[in-house]
Amino acid sequence: MSSVATIQTARSKVARRSTESRREARNFWIYVSPWIFGFLTFVLGPMIYSLYLSLTDSPLGSLGDFVGVANYVEVFGDDLFHIAVRNTAYYAVVSVPLQLVLAFFLATLLNKRIPAIGVFRTIFYLPSVIAGISTVLLWSWIFNANYGLVNYLLSLVGIDGPNWLSDERYAIPAIIIMSLHGVGGAMLIFLAALQDVPSELYESAQLDGAGRAQQLFRITLPMVSPTIFFNLILGIIGALQVFTQPYIFGQLNQNLGRNRGMYVYVQYLFDAGFRYYRAGYGSAIAWILFAFTLVISLIIMRTSNSWVYYSDGGRD
Amino acid sequence: MGIQQVIVLEMINPTLQPVPAQKPTPDGTTASATIVRSSHTERNGMNKKVLSVLLGAALMVGATACGADSSNNSDLRQNENAKTTISVFTWGYPAEKQAREQQAQLYMDTHPDINVKIEVSPDYDRKLATMLSSNNGPDVFEVSDDWFHLWKDQLVDLKQYSDRDGLNLDTLFAERALQGYWTPEGKLEGMPIGLCPFVMAVNTDLFKSAGVEVPTGKWTWDEVLAAAQKITKGDGADKVYGMSDSWVYDQTMPFYFGGDYYNEDKTKVTINQPESVKGFQFWSDLMHKHKVMPDFDAAAGVQGNQRFFSGKAGMAPINMWDIQDFVSQIGDSFNWDLVSMPTEASSGLTPVWSIVEGYGIWQGSKQKDAAWDYIKWATTDPASLKLSSIAAIPMTPEGMNLVVGQDFGKKLNLQKFVDAVPNAILTLPGGAFSEVSDAVNENLNSIKKGGDVKTALDKAAADAQPVLDRIWKSKK
């Protein structure tokens with residue numbers, strides 16, 4: 001009898017457990033379903049559709065014929081593609097490292113224990129929360145050739161400033177300078193990382209006679225390297241998608257047509273899809289950007305083993 | 001768009017479309033519609049539960065509408081004697097938007113069975129493209145006659161409706177009105193709301209102080225140049241120019257000597273032909289030889305109109321849609337008025353940049369008859385034209401003069417707009433041809449920078465021709 005009872009109890013326990021786990025699984029699916037639904041409907045679905053579009057000659061508004069990889073071939077042969085890639089690469093290669101260095105530098109300054117440090121942190125972070133278009137309008141005046149602040153300052157030291165926004169040589173540098181005002185986001189992440197570095201490390205290094213530079217390169221940088229890695233990836237993705245500044249500057253400029261000095265990749269994508277109404281071609285342009293971003297990110301992730309230090313040995 | 005969809009749309013985004021002014025609810029308005037209306041007015045005080053129930057109900061109604069076929073739908077509507085709602089999507093600055101809404105109200109007052117919903121978007125082109133791509137177009141949308149049949153497949157042929165109603169389009173509207181709306185296949189894409197031509201705004205104070213008489217009638221480029229030279233003075237950032245820079249000149253220059261951007265059937269780019277070169281050379285001289293108009297560098301950072309507003313330019317092209325801005329920006333700082341655009345003496349031509357705004361009916365509309373009735377009324381009825389003439393010159397013979405009676409808060413010689421109508425031309429088309437226009441326009445920048453005119457135009461033609469060829473190929 002007792003053995004039967006034991007078995008039955010065990011069975012019911014197992015049954016209860018499996019009911020529980022089933023309930024848990026069910027709850028899991030219920031709770032994640034909005035996200036899954038959103039992802040499938042608003043991300044994956046449109047992505048697959050755009051991949052298909054990129055293989056057709058569809059205009060915006062209707063479905064065209066299947067043309068294979070013709071759009072991709074045309075993109076690579078397009079003058080504008082090369083201009084857009086060159087400008088975007090220029091922007092990314094200069095602005096990303098510059099932003100990282102400046103963000104790190106500001107974070108180290110704001111990591112000091114001085115009175116009213118909270119006020120300083122707020123001041124430096126604030127510009128990065130102001131919405132895109134209004135800051136672009138503001139900067140368009142800062143860079144204004146005749147009345148702008150930049151050229152005024154340059155004139156004080158006897159330099160006749162250029163037409164920042166319409167001169168092809170200065171357009172991208174102007175956007176790079178402008179991008180630095182959004183450095184607060186990365187700065188905040190660096191600041192958090194810096195505060196996570198154990199102070200014992202500095203204390204014992206000081207006892208061993210390590211100087212400031214040694215402390216920076218031997219302790220601080222390795223300890224915040226995961227954050228550098230994170231900011232680097234985000235910075236590159238953001239830089240490859242730069243659009244608002246050139247677009248708004250273009251709108252402000254009364255010159256019609258494209259400003260080749262400031263023609264960036266996403267503008268090229270936008271023009272193809274929404275101004276020239278070539279949905280298929282625009283999709284091809286978008287997929288090339290996606291593939292490129294993926295490859296760059298993977299390369300950086302691969303190299304990260306050699307320069308990113310995880311204090312827990314990289315385990316989760 | 002079915003009424004249920006409109007309701008769902010309203011529920012999802014009440015700010016998307018302005019709620020029409022409350023009118024006495026006619027018998028039989030659907031219950032759900034009444035509830036939705038009240039949800040607008042009492043939104044603040046409503047608790048979440050009621051809202052979620054309503055949203056659920058509205059979604060169910062929407063889902064049912066999707067499932068039911070249109071004949072059932074219209075049966076349902078007839079049974080319940082509900083109003084027909086037509087959605088009208090337009091662009092427009094504040095005064096224009098207001099005029100559109102007043103028109104809709106006026107129409108609804110005399111057509112109690114129709115509900116007209118006006119939606120105005122500042123990002124019109126993109127939003128329209130998105131709506132049409134997702135097969136969710138408005139019943140009526142605004143079309144410009146310089147789009148070169150961009151949405152040809154999405155628009156209803158209005159000729160069948162005008163024939164049915166016995167309209168004589170030739171006598172109903174001025175010549176230019178329908179020019180851009182006829183497709184090569186003989187389909188009519190739009191009914192004209194009005195024409196938007198440019199005239200010239202002149203700073204009469206600057207004219208007086210330079211000892212130049214403000215022209216009253218036609219004036220030639222030679223006279224314009226002489227006036228501009230007298231007005232131009234100073235240097236650097238403080239320089240006063242005879243004329244502001246404006247894309248209106250870029251776009252009309254080839255026409256002064258009889259040239260054009262394209263050949264007649266728009267298959268060849270002719271911008272580097274001798275007549276066009278002559279026009280652009282004259283324009284280049286204004287900037288670089290006579291220095292009466294800002295060149296590329298001088299124009300950077302200061303928009304042409306801003307230069308005029310600050311009293312640093314004697315003349316600036318102005319369209320009807322600019323007047324409010326001019327009036328408010330200039331205020332009492334100087335006296336100004338309107339004169340004609342210049343005439344080229346050797347050719348006798350006065351090409352005036354202009355577009356015709358109009359209404360078309362979406363192919364997918366479920367209320368084509370009601371939509372047609374509205375746009376026919378909106379584009380021909382004197383009461384409607386009186387309202388829309390705040391932003392464009394109505395194209396009916398009687399409607400044209402309504403512009404003169406408009407009040408912009410300042411006495412201006414508005415007759416100049418009416419006088420410009422016979423000279424109105426279509427320049428570089430946008431829409432389906434935007435890419436060609438971009439290829440041409442970016443080369444014009446090198447003329448603004450002082451580059452050789454013929455070289456720039458040759459390059460423009462070389463850049464634009466392959467694009468044009470590709471567009472034509474894709475149309476076949």
Side-chain angles (χ1 to χ4, degrees), chain A residues 46 49 53 57-65 67 74 77-80 83 140-148 150-152 155 160-168 170-171 249-261 263 270-282, chain B residues 123 125-135 137 147 150-154 236-239 244-248 250-251 294 296-307 428 430-445 448-449 460 463 467 470-471 473-475:
Chain A
Y49 185 60
L53 276 185
D57 63 357
S58 305
L60 202 61
S62 53
L63 210 53
D65 297 327
V67 293
E74 193 186 331
D78 190 347
D79 246 7
L80 285 172
I83 290 164
S140 76
W141 279 106
I142 295 178
F143 281 124
N144 188 295
N146 297 323
Y147 311 104
V150 176
N151 280 3
Y152 172 70
S155 75
D160 193 11
N163 273 329
W164 288 93
L165 301 177
S166 49
D167 190 320
E168 294 195 1
Y170 293 98
F249 285 150
Q251 300 267 308
L252 291 175
N253 198 335
Q254 283 238 322
N255 294 314
L256 300 167
R258 298 165 290 228
N259 178 357
R260 292 195 168 215
Y263 204 66
F270 178 82
D271 279 355
F274 290 101
R275 290 193 56 238
Y276 309 148
Y277 303 96
R278 301 180 72 194
Y281 191 69
Chain B
D123 190 24
D125 297 359
R126 246 71 65 194
K127 196 158 181 189
L128 177 66
T130 315
M131 284 166 136
L132 297 179
S133 311
S134 55
N135 199 29
W147 286 358
L150 173 67
W151 298 115
K152 192 165 70 175
D153 301 333
Q154 300 271 6
D238 293 326
K239 180 168 176 176
S244 68
D245 60 297
S246 166
W247 55 267
V248 177
D250 315 11
Q251 304 298 290
F296 187 87
D297 281 344
V302 185
Q303 290 195 337
N305 286 352
Q306 286 298 338
R307 197 181 295 277
L428 263 183
F433 279 34
S434 298
E435 197 174 355
V436 189
S437 303
D438 274 3
V440 169
N441 284 330
E442 70 183 4
N443 284 295
L444 298 184
N445 284 340
K448 288 185 202 168
K449 288 174 183 166
D463 285 354
V467 180
R470 195 194 63 230
I471 289 173
K473 211 176 121 199
S474 72
K475 280 188 185 294

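We name chains A, B, ... by the order of the sequence lines, and we start the count at 1 in each one.
Between A:Phe143 and A:Trp164, the ring planes are tilted. Angles from 30° to 60° get that label.
By the side-chain hydrogen bond (donor to acceptor under 3.5 Å, both in side chains) test, A:Arg275 is found to be paired with A:Asp271, B:Asp438, residues two or more places apart in sequence or in another chain being considered. Here A:Asp160 pairs with nothing under the salt bridge (charged side-chain N to carboxylate O under 4.0 Å, His left out) rule; sequence neighbours left out.
Listed options B:Leu150, B:Val467, B:Val436, B:Val440 were ranked by heavy-atom pairs under 4.5 angstrom with chain A; first place goes to B:Leu150.
Heavy atoms of B:Ala432 lying under 4.5 Å from chain A are absent altogether. Heavy-atom distances place the side chain of A:Tyr147, and not its backbone, under 4.5 Å from chain B. For chain B, the nearby part of A:Phe270 is the side chain; its heavy atoms alone come within less than 4.5 Å. Heavy-atom distances place both the backbone and the side chain of A:Phe274 under 4.5 Å from chain B. Neither the backbone nor the side chain of A:Asp57 comes within contact range of chain B; no heavy atom of the residue lies under 4.5 Å from a heavy atom of that chain.
Shortest non-hydrogen contact noted between B:Ala129 and A:Tyr277 is CB-CE2, 4.3 Å.
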Hey, mind stepping through B:Trp247 and B:Leu444 against side chain to side chain contact (heavy atoms under 4.5 Å, CB included) and telling me if it holds? CA-CA 10 Å; B:Trp247 55 267; B:Leu444 298 184; over 6 Å; no
